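What you see is a predicted model, and the numbers here were worked out from it, not measured in a lab. Here is how names work: the chains are called A, B, and so on, in the same order as the sequence lines, proteins then strands, and each is numbered from 1.
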There are 2 protein chains.
Amino acid sequence: MEPRIVVDVMGADRPPAELAGGAIRAATALPIRLILVAHRPLLPPLPPGVEVLECPPAPEHEEGATRVARREDTSIARGLDALRRGEADAFLSPGSTGAVVSAAILRLGRLPGVVRPGLCASLPTLRGEVLLIDAGATADSKPAHLVQFADLGAAYAQAVLGIPSPTVGLLNIGTEHGKGDALTREAHPLLARTAGFVGNVEPHTILTERPVDVVVAGGFSGNLFLKAVEGGAEAVLTMVKGALRSSARARLGALLSRRALRAVAQSLRYEEHNAAPLLGVNGLVTVAHGRSDAAAIEGALRRTFQASRSQIVEVLRSRLSSPPAEPGLANPGDPRVPSATPTAAA
Amino acid sequence: MEPRIVVDVMGADRPPAELAGGAIRAATALPIRLILVAHRPLLPPLPPGVEVLECPPAPEHEEGATRVARREDTSIARGLDALRRGEADAFLSPGSTGAVVSAAILRLGRLPGVVRPGLCASLPTLRGEVLLIDAGATADSKPAHLVQFADLGAAYAQAVLGIPSPTVGLLNIGTEHGKGDALTREAHPLLARTAGFVGNVEPHTILTERPVDVVVAGGFSGNLFLKAVEGGAEAVLTMVKGALRSSARARLGALLSRRALRAVAQSLRYEEHNAAPLLGVNGLVTVAHGRSDAAAIEGALRRTFQASRSQIVEVLRSRLSSPPAEPGLANPGDPRVPSATPTAAA
């Protein structure tokens, strides 16, 4: 059956009609049933088959995330409730991350055994995409949360990205053992028992060398890292564009290399890396960038569809109820995994 | 009198002879007396006037920072001791940050009232350089440390960069009050009493809009931010270079815009932003990048000379012994400084 995906087109920076346009474009190309949650008068004419969940036009921007999360009449609450009642299979929102996370925990609950759900973002690197969990679901993380993030992220890499034995690294400011703050120093020995764990990974290496498939971080560090990378990339692209307008000669050069440079800008656009799933809640919820435009929502819906098709929530549920190291993940023969001694296989 | 600056050419990734070359080039152009700390046989022939502090050729890389810091026979210890004995005015090292910081605190001590010295890095942004403190002197910071970092950083911005009333922001994952982890949430109200404090600043905004002159952060976050920005910038530049080689047309374009693009790469090179002073210790110590080459050391020595000429350590000493808000910094008339109510002027 085609997955029923609810898309929240309210609460982002751009107008609902624009975001709805992107969602409709994706829905035309994919085998999904699209349900828009929106204030009806703000929507464009809809093609047949697209449903609408009505919600008030109220601006949710100004309130705190926790307040928004408790309200019953927001687009976020309406979408999540449809998911809870089994009337939808996935919910995508470009609303405030804090509000979506709080509301999802409140309305869907957590999967059995999950202490903190983690936001699993995807980042472009010079060597393909890398996953980052927690990208900012909760700011204050404890070492045990990081161990669970590692497991959730590895399961996602396996089920959705098709990586047979994902490797996992801890985001840190040095590679040596003993480096970092209290959180990373305490998490490191606990993570050593996780299948696929290779140790600390540094921010710059992640982007240039992609040393692992999954990067684990506390929510504050993960979000900081994500935003710093975005800022660094945007700043450099702006400088390059400026330089290419700086002289007649450079302008001519820019004209000739335009297509190649546009491909770079394109590959960095967050559209293709939009829609971070909130792993660990009892339902498939993905969070898109608040600055999303139509193209970004289109990309985000494609990612949400992939996650939905992989049955990621069911995969996580069965994984959490079975012994920590599953046969598929544990790979003692992998030379990159020195500490992978799964308790089940020992 | 010309400042006497000790440059440690051991302990970095590149050979001592190469780094010595960069230091000598800077010393030729600047009114300084250069003292190299090195194992003599590893140095090239030296021009007249350049002194050498002998140290063993021992590799210091493999040991832990604290172990290295306690040793008496390292290039770091030799350089710091010269500073302590008054035989030099500044010490520049591209050695392990951890080792330099620990050794500097151990051998020079802290300025009166300083709890934790902070590493004050300079970052290129789209709108000029921004200071970041603490860029990684100590991983575990407390809210009170951040308040002192703000004061040290603002004093440096004023004395060395000549910014009359520096503005200060707290590195955080959101701009709203109440955002962040325990450290930033607790530091925010304390910082509100700091002259020039404007609130939280987000990573990407720092690079594109440069909302403040000084960014305050805990050492872990500061270092993570710095490395993420470096990685993001390097990744994009590599992508751009790759794209410009991707077709004959793009290669021709690249040829024409080469000079402009080289200027971008140049402006991003850390050379010009090398040499982060360790503010709060009893002497002028600057830390350069471990990957520094000759040009990077040349730039770092230029920055160290500027800091030395501004008498930054004396400025900090007198600032720390006077009331928190100095007339020069406090600027209640500045509309950007809503909370600047200096106790001395109240």
Audit row: A/Leu183, B/Phe220, side-chain contact (heavy atoms from CB on, under 4.5 Å) steps and yes/no: CA-CA 10 Å; A/Leu183 176 62; B/Phe220 183 82; over 6 Å; no

Nearest-0.5 Å distance, CG of residue B/Leu237 to CG of residue A/Leu237: 9.0 Å

Between B/Ala243, B/Gly218, B/Gly174, the one whose heavy-atom pairs under 4.5 Å with chain A are most numerous: B/Ala243

Assert top hit (heavy-atom pairs under 4.5 Å, partner chain B, pool A/Leu226, A/Leu207, A/Val229) equals A/Leu207

Roughly how far apart are A/Thr125 OG1 and B/Met239 CE, rounded to 0.5 Å? 7.0 Å

Does any heavy atom of chain A fall under 4.5 Å from the side chain of B/Thr208, the backbone, both, or neither of them? side chain

Side chain / backbone / both / neither for A/Ser221 at chain B, heavy atoms under 4.5 Å: both

Any B/Ile173 side-chain heavy atom under 4.5 Å of A/Lys227 side chain: yes

So, the part of B/Arg251 with a heavy atom under 4.5 Å from chain A: the answer is neither

Pick one of side chain, backbone, both or neither for B/Leu171, based on which atoms fall under 4.5 Å of a heavy atom in chain A. both

Between B/Ala228, B/Ser141, B/Ala182, which shows the greatest number of heavy-atom pairs under 4.5 Å with chain A? B/Ala228

Between A/Gly242, A/Gly180, A/Ser246, which residue shows the highest count of heavy-atom pairs closer than 4.5 Å to chain B? A/Gly180

Just give me the residue among B/Ala139, B/Ser247, B/Gly219 that pairs up with chain A most often, heavy atom to heavy atom, under 4.5 Å. B/Ala139

Which region of B/Thr184, side chain (C-beta onward) or backbone (N, CA, C, O), has a non-hydrogen atom less than 4.5 Å from a non-hydrogen atom of chain A, or is it both or neither? side chain

